Amino acid sequence: ASFYNPFGVALDVVGNVYVADAGNNKIRKITTAGVVTTLAGSGSIGSEDGTGAAASFYYPFGVVVDLQGTVFVADNRNNKIRKITAVGVVTTLAGSGTGGSVDGTGTAASFKSPYGVTVDVAGTVYVADTNNHKIRKIIVSRVVSALAGSTSSGLEDGTATAASFSYPYGVAVDSGGNVYVADTGNHTIRKITPAGVVTTLAGSGYVNVNGTASSFNQPEGIAVDSGGNLYVADTGNNTIRKITAAGVVTTLPGSEYYGYGSPTSLYSPKGVAIDLAGNVYVADTGNNKIRKITA
């Protein structure tokens with residue numbers, strides 16, 4: 001099988017891996033046996049709803065799967081969030097298709113180059129609305145609102161719109177409803193409580209130490225496990241980092257070395273996901289591969 005600039009990866013409850021195959025404008029599925037198929041997308045640029053190959057995307061970046069097997073996609077260049085059923089039926093969950101920052105319901109709302117997407121147990125979808133420098137949320141009735149961010153680029157902690165981000169790319173949510181953000185332009189990892197309070201967890205110098213004394217280089221993908229540990233695709237450093245619930249940052253073994261076409265190293269990894277056994281799955285974008293780092 002082959003991929004072209006895969007960006008996002010996600011897992012369902014039985015261990016299938018879903019890939020936002022951005023360069024091919026498709027959403028792909030990898031079974032636990034390693035069989036790769038196309039779930040949806042014609043391969044041509046477009047924004048058509050439909051089933052399987054009758055649907056189209058334009059640089060899908062982020063992908064996530066809920067407990068029912070529904071796939072949500074940050075369709076970046078279409079400025080939309082798309083929804084795919086388990087049998088490949090694609091619809092537009094929210095977004096008018098025109099870049100903007102309007103709250104509203106379904107296609108009355110607008111996004112500007114959304115990159116990351118995640119979903120909580122209640123079915124609320126969270127979006128890294130990258131070029132609006134915001135984190136947005138979409139409840140099950142398709143109502144879109146801002147969780148945090150001021151629209152202007154910045155690095156301010158605070159509550160809701162008093163906080164600021166700079167081109168946030170990745171989002172993840174834990175069982176308590178806390179949202180974690182790979183704040184790419186600020187080279188930091190941020191946390192948003194359910195009440196919208198934003199703090200900076202880590203980021204500020206490439207050293208594996210606690211909290212803000214550590215640093216990242218354009219982190220893009222982020223995932224959280226059941227123990228509250230974060231896994232970060234530290235894209236500019238070509239590594240996968242782990243942040244414990246206590247804030248300790250380390251580099252995962254097996255991801256310390258940069259390499260284009262290398263069988264053992266990563267090149268510009270952009271997406272990350274983790275399964276229940278602790279295995280980490282990586283969209284190794286520069287190498288056009290999906291990699292697995294065993295626990």
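Values below: every heavy atom of this structure, side chains too, minus hydrogens, waters and symmetry copies. The model shown is predicted, which means the values in this text are computed figures rather than measured ones.
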* **Side-chain heavy atoms of Glu48 within contact of Val90, under 4.5 Å** => no

* **Under 3.5 Å donor-acceptor, Ser96 side chain and Ser110 backbone** => no

* **Between OG on residue Ser47 and CG on residue Asn25, distance to nearest 0.5 Å** => 11.5 Å

* Is a side-chain N or O of Asn238 found less than 3.5 angstrom from the main chain of Ser268, in a donor-acceptor match? -> yes

* How many angstroms lie between CG in Asp129 and OH in Tyr167, if you round to the nearest 0.5 Å? -> 12.0 Å

* Identify the heavy atoms of Ala20 and Pro60 that sit nearest to each other, and give their distance. => CB-O, 3.5 Å

* To do: Measure the spacing between CZ of Phe216 and OG1 of Thr184 and express it to the nearest 0.5 Å.
  => 11.5 Å

* Is Ile135 close to Ile192 at the side-chain level, that is, under 4.5 Å between some pair of heavy atoms? -> yes

* Is there a chain of hydrophobic side chains (I, L, V, M, F, W, Y, each step under 4.5 Å between heavy atoms) that links Ile290 to Ile293? -> no

* Would a hydrophobic clustering, with Ile, Leu, Val, Met, Phe, Trp and Tyr connected at side-chain separations under 4.5 Å, put Val173 with Val117? -> no

* Hydrophobic cluster membership, Leu39 vs Val65, 4.5 Å side-chain cutoff -> yes

* **Derivation and outcome, side-chain contact (heavy atoms from CB on, under 4.5 Å), residues Ser56 and Ser42** => CA-CA 5 Å; Ser56 55; Ser42 64; 3.8 Å; yes

* To do: Using the six-membered ring wherever Trp is involved, compare the ring planes of Phe7 and Tyr115 and label them parallel, tilted or perpendicular (cut-offs 30° and 60°).
  => tilted

* Measure the spacing between CG of Asn288 and CG of Asn5 and express it to the nearest 0.5 Å. => 5.5 Å

* Quickly, which of Asn78, Asp75, Asp49 forms a side-chain hydrogen bond (donor to acceptor under 3.5 Å, both in side chains) with Thr92? Name it, please. => Asp49

* Got a donor-acceptor contact below 3.5 angstrom from the Thr239 side chain to the Arg241 backbone? -> no

* Phe72 and Ile138, any side-chain heavy atoms less than 4.5 Å apart -> no

* Do any N or O atoms from the side chain of Arg142 and from the backbone of Thr105 form a donor-acceptor pair under 3.5 angstrom? -> no

* Any chain of hydrophobic side-chain contacts (each under 4.5 Å) joining Phe165 to Val171? -> yes

* Structure fact -> Interatomic distance, CG@Asn132 vs CZ@Phe111, rounded to 0.5 Å, equals 9.0 Å

* Asked: Do Val71 and Val63 have side chains that get closer than 4.5 Å, going by heavy atoms?
  -> yes

* Determine whether Val64 and Phe61 fall in the same hydrophobic cluster, where Ile, Leu, Val, Met, Phe, Trp and Tyr are linked whenever their side-chain heavy atoms lie under 4.5 Å apart. => no

* Asked: Going by heavy atoms in the side chains, are Lys80 and Thr107 under 4.5 Å from each other?
  -> no

* Mind listing the closest non-hydrogen atom pair of Thr130 and Ser113 along with its distance? => CB-O, 3.2 Å

* Taking Asp21 as the fixed residue, which of Arg28, Lys289, Lys29 is the one that meets the salt bridge (charged side-chain N to carboxylate O under 4.0 Å, His left out) rule? -> Arg28

* Measure the shortest side-chain to side-chain distance between Val9 and Val282 over non-hydrogen atoms and say whether it is less than 4.5 angstrom. => no

* To do: With the side chain counted from C-beta on, respond yes when Asp234 and Asn217 share a heavy-atom pair under 4.5 Å apart, and no when they do not.
  => yes

* Please name the pair of heavy atoms, one in Asp157 and one in Val198, separated by the smallest distance, quoted to 0.1 Å. => CB-O, 3.3 Å

* To do: Give a yes or no answer on whether the side chain of Thr70 reaches the backbone of Thr85 with a donor-acceptor pair at less than 3.5 Å.
  => no

* Give the minimum heavy-atom separation between Ala128 and Gly170, together with the two atoms involved. => CB-N, 4.4 Å

* Asked: What are the two closest heavy atoms between Gly123 and Val140, and how far apart are they?
  -> O-CG1, 3.8 Å

* Asked: Is any side-chain heavy atom of Lys134 less than 4.5 Å from a side-chain heavy atom of Thr161?
  -> no

* Asked: Do Leu67 and Val13 pass the side-chain contact (heavy atoms from CB on, under 4.5 Å) test, and can you show the C-alpha distance, the side-chain angles, and the key distance before you say yes or no?
  -> CA-CA 7 Å; Leu67 295 176; Val13 293; 3.8 Å; yes

* For Thr32 and Val14, run side-chain contact (heavy atoms from CB on, under 4.5 Å): C-alpha distance rounded to whole Å, both residues' side-chain angles, the deciding distance at 0.1 Å, then the answer. => CA-CA 8 Å; Thr32 54; Val14 297; over 6 Å; no

* Measure from the side-chain N and O atoms of Ser166 to the backbone N and O of Gly154, and report whether any donor-acceptor pair falls under 3.5 Å. => no

* To do: Applying side-chain contact (heavy atoms from CB on, under 4.5 Å) between Tyr281 and each of Val19, Ile30, Asp275, Ile274, report the one that passes.
  => Asp275

* Structure fact -> Smallest heavy-atom separation, Val102 atom then Arg136 atom, equals O-NH2, 3.0 Å

* Asked: How many angstroms lie between OG in Ser152 and NE2 in His133, if you round to the nearest 0.5 Å?
  -> 7.0 Å

* To do: Output yes when a side-chain donor or acceptor of Thr285 lies under 3.5 Å from a complementary backbone atom of Pro6, and no otherwise.
  => yes

